[in-house]
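One structure is given here, and the rest of the page talks about it.
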Amino acid sequence: YFVHAAPFRDRYGLDWVIVVAVPESDFMQEIAANHRLTIWLSTGALAIAIALGLFTSALIAKPILRLSRASRDLALGKLDDAIRTDTPIAELEMLGRFFNDMTDHLQTSFDQVKVALQESEKKFTKVFRTSPDPIVISTLREGRCLEVNDSFLVWLKRSREEVVGVSTLELGLWASAPERETFVHLLQSSGRISEKEFTLHRADSGFKTLLVTSELVELDGQTCILSVGKDITERKRLELALQKSEAKLKAVLTSAITAVAFFRLYPDDTIEYEFLSPSHEAIFGFTEAELRADIRLWGSRIHID
C-alpha cells in the first residue's frame with residue numbers, strides 16, 4: 001500500500017488526520033506493462049539500428065573491397081577484370097569509373113611497351129645471332145655461359161651444347177682464375193670495359209688476342225656480363241712484324257753512310273720530305289732540320305753542269 005497522512009484543522013475546532021491508502025496493485029500493473037513495452041520498443045529499435053548499420057556498412061564496404069581486390073590485382077599485373085560501378089554511393093561509383101579508366105590506360109601502355117619490348121628483343125636477337133664478332137652472355141659470379149652467338153661457337157670451334165652452361169674457366173678461355181678475377185674487378189669498378197685487349201686461350205691454336213667490350217646487365221634478377229670480342233691476333237702479329245721491319249730498316253738507314261730521302265715532288269717544284277736519313281749531314285753537311293726548312297737547299301749544292 002501507498003499511504004499518505006496529512007493533518008486537518010479548521011476554525012470550528014476540528015483536528016483530524018486524513019489518511020489516504022492506495023493498494024500498489026491498482027496502478028503498478030499499468031506501470032509494469034508500460035515498462036515492458038518500453039523495453040521491447042528499445043530492443044526493437046536497437047535491433048533495427050544494428051541491422052541498418054550492418055546493411056549500410058556492407059553497402060559501403062562491398063565496393064571498397066572490390067577496389068581493394070582490383071588494386072591488388074593491378075599490383076600483380078592483372079589488368080583484364082573491370083570493376084563493377086553499380087553502387088548507390090555516387091563517390092564510390094565515380095572512383096570505380098576512374099579506376100577502370102586508369103586500368104584501361106595502363107593496359108594500353110603495357111601492350112605498347114610489350115610490343116616495343118618484343119620488337120627490341122627481336123632486333124637484339126637478330127643482331128646477337130648474325131654479328132660477325134663473338135658475343136657471349138655469362139654470369140658475373142661463376143662466369144657460366146648463358147647464351148652465345150654463332151660467331152663465338154665458330155671462333156671457339158665448339159658446339160652450343162659444349163658451351164652453354166659451362167664456365168669460361170672450364171672452357172679454358174682464361175689462362176688462370178686470377179686473370180678472370182682481374183677482368184671482373186675492372187668491370188665492376190667502372191661498369192663497362194670498352195675495346196680493351198685481353199689474351200684468351202683457344203684449345204686448338206693456343207692464345208689469341210681479342211679486343212673486348214664488356215658491360216654489366218641484369219637478366220631475370222641476376223647480374224650478368226655481356227661481352228663482345230674482336231679477334232685481332234693476326235693484326236697484332238702484323239703490327240709486331242711491321243715494327244720489327246721498321247726497326248731493322250731504321251737501323252740500316254741510320255748506320256749506312258748513304259743519303260736516303262723519300263719526298264713528294266709537286267708540279268711547281270715544291271718538295272715535301274717524308275724521310276731523310278741521318279747520313280745527309282755526314283755527306284752534305286746539312287742537318288735534317290736545315291734541309292726541311294729550305295726545300296731548295298739540297299738542289300742548290302748540285303753543280304750547274
Pair Leu153, Val163 - check side-chain contact (heavy atoms from CB on, under 4.5 Å), show working. CA-CA 8 Å; Leu153 297 175; Val163 174; 3.8 Å; yes
Identify every side-chain donor-acceptor pair in residues 40-53 under 3.5 Å, counting partners at least two apart or on other chains, and give the distances.
residue, atom, partner, partner atom, Å
Ser42, OG, Thr38, O, 2.9
Thr43, OG1, Ile39, O, 2.8

Heavy-atom check, side chain of Leu169 versus side chain of Arg180, under 4.5 Å: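 Of all side-chain heavy-atom pairs linking Arg180 with Leu169, at least one is under 4.5 Å.
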Could you walk me through whether Ser214 and Val228 pass side-chain contact (heavy atoms from CB on, under 4.5 Å), step by step? CA-CA 6 Å; Ser214 297; Val228 181; over 6 Å; no
Going by side chain to side chain donor-acceptor pair (under 3.5 Å), name the pairs with one or both residues in residues 10-22, residues two or more places apart or in two chains.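 Applying side chain to side chain donor-acceptor pair (under 3.5 Å) to every pair that reaches into residues 10-22, excluding sequence neighbours, yields Arg9-Asp15.
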Under 3.5 Å, side chain of [X] to main-chain N/O of [Y], donor-acceptor pair present?
X	Y	answer
Ser277	Thr258	yes
Ser167	Glu170	yes
Asn149	Ile135	yes

Any salt bridge between Glu272 and Arg292, counting N to O under 4.0 Å?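 Between Arg292 and Glu272 there is no salt bridge, as every charged N stays at least 4.0 Å from the carboxylate O atoms.
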Hydrogens and angles aside, do Thr139 and Gln222 bring a side-chain donor and acceptor to less than 3.5 Å of each other?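 Looking only at side-chain atoms, Gln222 and Thr139 do not form any donor-acceptor pair under 3.5 Å.
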Pair Ser131, Asp133: side-chain N/O donor-acceptor within cut-off below 3.5 Å: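 Not at all, the side chains of Ser131 and Asp133 share no donor-acceptor pair under 3.5 Å.
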According to ring-ring contact (aromatic ring centres under 6.0 Å, His included), who are the partners of Phe55, at least two apart in sequence or on a separate chain?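 Checked Phe55 against ring-ring contact (aromatic ring centres under 6.0 Å, His included); zero matches.
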Would you say Arg160 has more than 12 foreign heavy atoms packed within less than 6.0 Å of its CZ?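 For Arg160, atom CZ is crowded (more than 12 foreign heavy atoms under 6.0 Å).
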So with a 6.0 Å cut-off around CG of Asp268, is the heavy-atom count from everything else above 12?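 Atom CG in Asp268 is crowded, with more than 12 foreign heavy atoms closer than 6.0 Å.
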On a heavy-atom basis, which atom in Arg192 and which in Glu215 lie closest, and how many Å separate them?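 Heavy atoms only, the tightest pair is NH1-OE1, 2.8 Å.
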Roughly how far apart are Ile137 CD1 and Cys145 SG, rounded to 0.5 Å?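 Going from CD1 on Ile137 over to SG on Cys145, the span is 10.5 Å.
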Going by salt bridge (charged side-chain N to carboxylate O under 4.0 Å, His left out), name the residues that satisfy it together with Glu197, two or more places apart in sequence or in a different chain.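 Partners of Glu197 under the salt bridge (charged side-chain N to carboxylate O under 4.0 Å, His left out) test: Lys236.
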What pairs of residues pass the ring pair (Phe, Tyr, Trp, His ring centres under 6.0 Å) test when at least one of them lies in residues 241-272, not counting sequence neighbours?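 Applying ring pair (Phe, Tyr, Trp, His ring centres under 6.0 Å) to every pair that reaches into residues 241-272, excluding sequence neighbours, yields Phe262-Phe275.
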Selection residues 136-174 - residue pairs positive for ring pair (Phe, Tyr, Trp, His ring centres under 6.0 Å), sequence neighbours left out: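 The answer is Trp174-Phe183.
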